[in-house]
Amino acid sequence: MVEKALEEISRGTAEVIDMERIENLVSKYYDDGSTYTVKAGFDPTGADLHLGHTVLLQKLRAFQNHGGRVQLLIGDFTATIGDPTGKSETRKILDNDTIMANAKTYQEQVFNILDDSKTEVVFNSTWLNELGAAGMVALATTFNVARMLERDDFDKRFKGGQSISISEFLYPLLQGYDSVELKSDIEIGGTDQKFNLLMGRHLQRAYNVGKEQAVLMMPILEGLDGVQKMSKSLNNYIGITEEPKEIYAKTLSVSDELMWRYYELLSEKSLEEITTMKEDVEKGTLHPKIVKENLALELVTRFYNEELATLAKEEFDNVFKSNQLPSDMTEIEVEEGIWICKALVDAGIEPSTSQARRDIKQNAVSIDQEKISDDTLNLAAGEYILQVGKRKFAKVKVG
RNA sequence: GGUGAGUUACUCAAGCGGCCAACGAGGGCAGACUGUAAAUCUGCUGACUAUGUCUUCGAAGGUUCGAAUCCUUCACUCACCA
């Protein structure tokens, strides 16, 4: 039992520090039922969760299945600083209302995956607001600049002659201090959080908490481009609240290589199954497209249900395999004789008439499935289906 | 506080007082090929019913027939010195 639990817990991890401690906690749970705490911090800087977040959430869920009590930390205080992780420049700070609104949406979405009876949501402003100047100074004395500069992103920026704000030095300290307050047994985070996560251990020691948290790091999920990490700001993400057909379509658009990565980090399928599929694809007995479709179906099913997943697939196949039209598209009514470019802008499928002209010149625009080439065209009364590229459609009523 | 260097579009980055809506690369969009995949090739990439007009090169002023380019002030960044 303990063996299986540990296997589930270690699946897909990038690095674990103090695995022994995790083993002890889990086996103690199976011995006498005593629970332990697992901390994970979320920065309420964006409103919606995407698949990148779910990698961590699923791991938390795994802990919950084996005696872990999750401390879901909303970094509302630290969000006012901005985590320097992976940033090449100082991040813009957010105002309080936005942060609170984001935190709220987070909580609504998180319990898609987490068991809320085993989750405690905490805000770090609760204790950080109380810390005060003296507390901050005491906290800052536990660390020094040279070690802070060891951090890769600071180091790069420092050597590259870019600005680092003093407040950014405080970020790792404050995140680590959260672990002191929460007396966490384990903290999990992305590999890019390593420095911050280790800070938790350092500070738990410095403040004599009586234990040092184990640290479990998950790989960073690449975004749809397969290169950069999935993030809202890079617009390469799949949000968990997106429409089923969006999730389906976006999943299908990832490269074959990246698909295996997604399987590893996101799918519930066992590692053996995945390996078998991979071999079959290499042997040529299994088409990679089928494998990708299954992944897309699994993801839609997770956030909605099987029925909607099937629908999403049917819709997708209709539109792109049989070249039919999507079942729903934006509809607008316009006046007779409207200029085609204007109509495209009004329908929201082109950002400007200039762009519309360019696209028409490049054979990207069609009316009722017929490509057009005249960018001075005016529409006579009637109903038309306008299309730009492969995926932007609109129904226009003229007259 | 002093000295010097810098700020150009989504990002990096070139830019000689007129040939600058601004080289190039990445990204993005579109076309071909496909499995709406990747890779590859090609075109486009400020706005405007448009061979022209308008707004853009950190901000505000100025010099000039004409300024991204020269001058002044301000803001921000970096380096060295204190």
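Just so it is clear, the structure is predicted and the values come from calculations on it, not from any experiment. Here is the naming used below: chain letters follow the sequence lines, and residue numbers restart at 1 for every chain. Scope of the values below: all heavy atoms of this structure, side chains included, with no hydrogens, waters or symmetry mates.
- Between the CD1 atom of A:Ile360 and the P atom of B:A50 there is a distance of 15 Å, given to the nearest Å.
- Across the protein-nucleic acid pair, A:Leu344 atom CG and B:A30 atom C1' stand 14 Å apart, rounded to whole Å.
- One atom, CG of A:Leu224, and another, P of B:G28, lie 11 Å apart when rounded to the nearest Å.
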Working note: A:Lys229 + A:Asp192, criterion salt bridge (charged side-chain N to carboxylate O under 4.0 Å, His left out); need CA distance, chi angles, decisive distance, verdict. CA-CA 10 Å; A:Lys229 77 176 209 178; A:Asp192 57 345; 3.1 Å; yes
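- Remark: A:Tyr304 engages no residue in a ring-ring contact (aromatic ring centres under 6.0 Å, His included) (not counting sequence neighbours).
- Applying the salt bridge (Lys or Arg N to Asp or Glu O under 4.0 Å) rule to pairs touching residues 171-190 of chain A yields A:Arg21-A:Asp185, A:Lys39-A:Glu187, A:Asp185-A:Lys211, sequence neighbours excluded.
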Along nucleotides 35-44 of chain B, 5' to 3', which nucleotides get a B, which get an S, and which get a -, given that the test is a protein heavy-atom distance under 4.0 Å? BBBS----BS
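- Spacing between atom CG of A:Asn235 and atom P of B:G28 amounts to 10 Å, rounded to whole angstrom units.
- The stretch residues 367-378 of chain A touches RNA chain B through A:Lys371, A:Asn378, each having a heavy atom within less than 4.0 Å of the strand.
- The list of salt bridge (Lys or Arg N to Asp or Glu O under 4.0 Å) pairs with a residue in residues 286-312 of chain A, not counting sequence neighbours, reads A:Asp256-A:Lys292, A:Glu268-A:Arg302, A:Lys289-A:Glu293, A:Glu293-A:Lys313, A:Glu293-A:Lys321, A:Glu298-A:Arg302.
- Residue pairs meeting the side chain to side chain donor-acceptor pair (under 3.5 Å) criterion with at least one partner in residues 336-350 of chain A, sequence neighbours excluded, do not occur; the list is empty.
- A:Ser352 comes within 4.0 angstrom of the backbone, heavy atoms only, and of no base.
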